[in-house]
Amino acid sequence: QVQLVESGGGLVQAGGSLRLSCAASGRAFSRSTMGWFRQAPEKERDFVAAMTWTWAESSTNYADSVKGRFTISRDNAKNTVYLQMNSLEPEDTAVYYCAARERYGSSRSVSAYDYWGQGTQVTVSS
């Protein structure tokens, strides 16, 4: 079992920035696949970003709506994945979820991920 705990959500003005953190426990972190998803009221849970990495290299994928604004990164020493969100827009308002999958390789599908955090609320005001 893998446990994921998100933090860093909150209220921010449009154009501002937030940094979400996802601390993982229960499994080795040297090679993994993790992603961020978000769900707005009455909307589907949508893909935001994903990262697959080894100690040697990593790869990332982003939803078109966040390219150039969001960055997914990691700190292996802390077993933590981050989502740096810049130039936030009201449309980014949602509950953000951290997710991990057993298989190695990025995916944009909710069903591909095996473990989920409880979510953290991000609200962007106009």
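All of these numbers come straight from a predicted model, not from anything done at the bench.
Contact check for Glu6 versus Trp116: no side-chain heavy atoms found under the 4.5 Å cut-off. By the 4.5 Å heavy-atom criterion applied to side chains, Phe47 and Val110 are not counted as neighbours. Side-chain atoms of Val48 and Leu83, non-hydrogen and from C-beta on, do get closer than 4.5 Å to each other.
Put simply, the side chain of Ser87 never gets that close to the backbone of Gly15: no donor and acceptor are under 3.5 Å apart. Looking only at distances, a side-chain donor or acceptor of Arg101 sits under 3.5 Å from a matching main-chain atom of Ala112. One N or O on the side chain of Thr52 and one on the backbone of Ser106 form a donor-acceptor pair closer than 3.5 Å. Checking side-chain atoms of Ser109 against main-chain N and O of Ser111 turns up no donor-acceptor pair under 3.5 Å. With hydrogens and angles ignored, the 3.5 Å screen pairs no side-chain donor or acceptor of Thr123 with any backbone N or O of Leu11.
Cluster annotation: Val66 is connected to Val12 through the hydrophobic network of ILVMFWY side chains, with a link wherever side-chain heavy atoms come within less than 4.5 Å.
Considering Tyr97, Tyr113, Tyr96 as possible partners of Phe37, the one that fulfils the ring-ring contact (aromatic ring centres under 6.0 Å, His included) test is Tyr113.
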Between Ile72 and Tyr82, does a side-chain contact (heavy atoms from CB on, under 4.5 Å) hold up when you go through it step by step? CA-CA 6 Å; Ile72 186 170; Tyr82 304 97; over 6 Å; no
For a side-chain contact (heavy atoms from CB on, under 4.5 Å) check, start with the C-alpha distance between Val122 and Thr93, then their side-chain angles and the critical distance, and finish with the verdict. CA-CA 5 Å; Val122 172; Thr93 295; 5.9 Å; no
Criterion side-chain contact (heavy atoms from CB on, under 4.5 Å) on Met34 and Leu4, from CA distance to verdict: CA-CA 10 Å; Met34 298 186 68; Leu4 306 174; 3.7 Å; yes
Residues Phe70, Leu18; criterion side-chain contact (heavy atoms from CB on, under 4.5 Å); working and verdict: CA-CA 10 Å; Phe70 291 10; Leu18 282 175; over 6 Å; no
Residues Gln3, Tyr115; criterion side chain to side chain donor-acceptor pair (under 3.5 Å); working and verdict: CA-CA 7 Å; Gln3 291 187 326; Tyr115 307 100; over 6 Å; no
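Between the side chains of Ser17 and Asn86, at least one donor N or O lies within less than 3.5 Å of an accepting N or O.
With values rounded to the nearest 0.5 angstrom, Ser58 atom OG is found 4.5 Å from Arg74 atom CZ. Distance check: Ser65 OG to Asp46 CG gives 8.0 Å after rounding to the nearest 0.5 Å. Once rounded to the nearest 0.5 Å, the distance linking CD of Gln84 with OG of Ser21 reads 9.5 Å.
Under a 4.0 Å N-O distance rule, the pair Asp92/Arg38 qualifies as a salt bridge. With salt bridges taken as basic N to acidic carboxylate O contacts below 4.0 Å, none links Asp114 and Arg103.
In this structure, Glu89 places its CD atom where more than 12 heavy-atom neighbours from other residues, nucleotides or ligands lie under 6.0 Å away.
In plain terms, the two heavy atoms of Asn76 and Trp53 that are nearest each other are OD1-NE1, 3.1 Å. Tyr62 and Ala49 get closest at one heavy-atom pair: CD2-CB, 3.6 Å. Here the shortest heavy-atom pairing between Leu88 and Arg69 reads CA-NH1, 3.9 Å. Closest non-hydrogen pair, Met85 versus Leu20, comes out as CE-CG, 3.7 Å.
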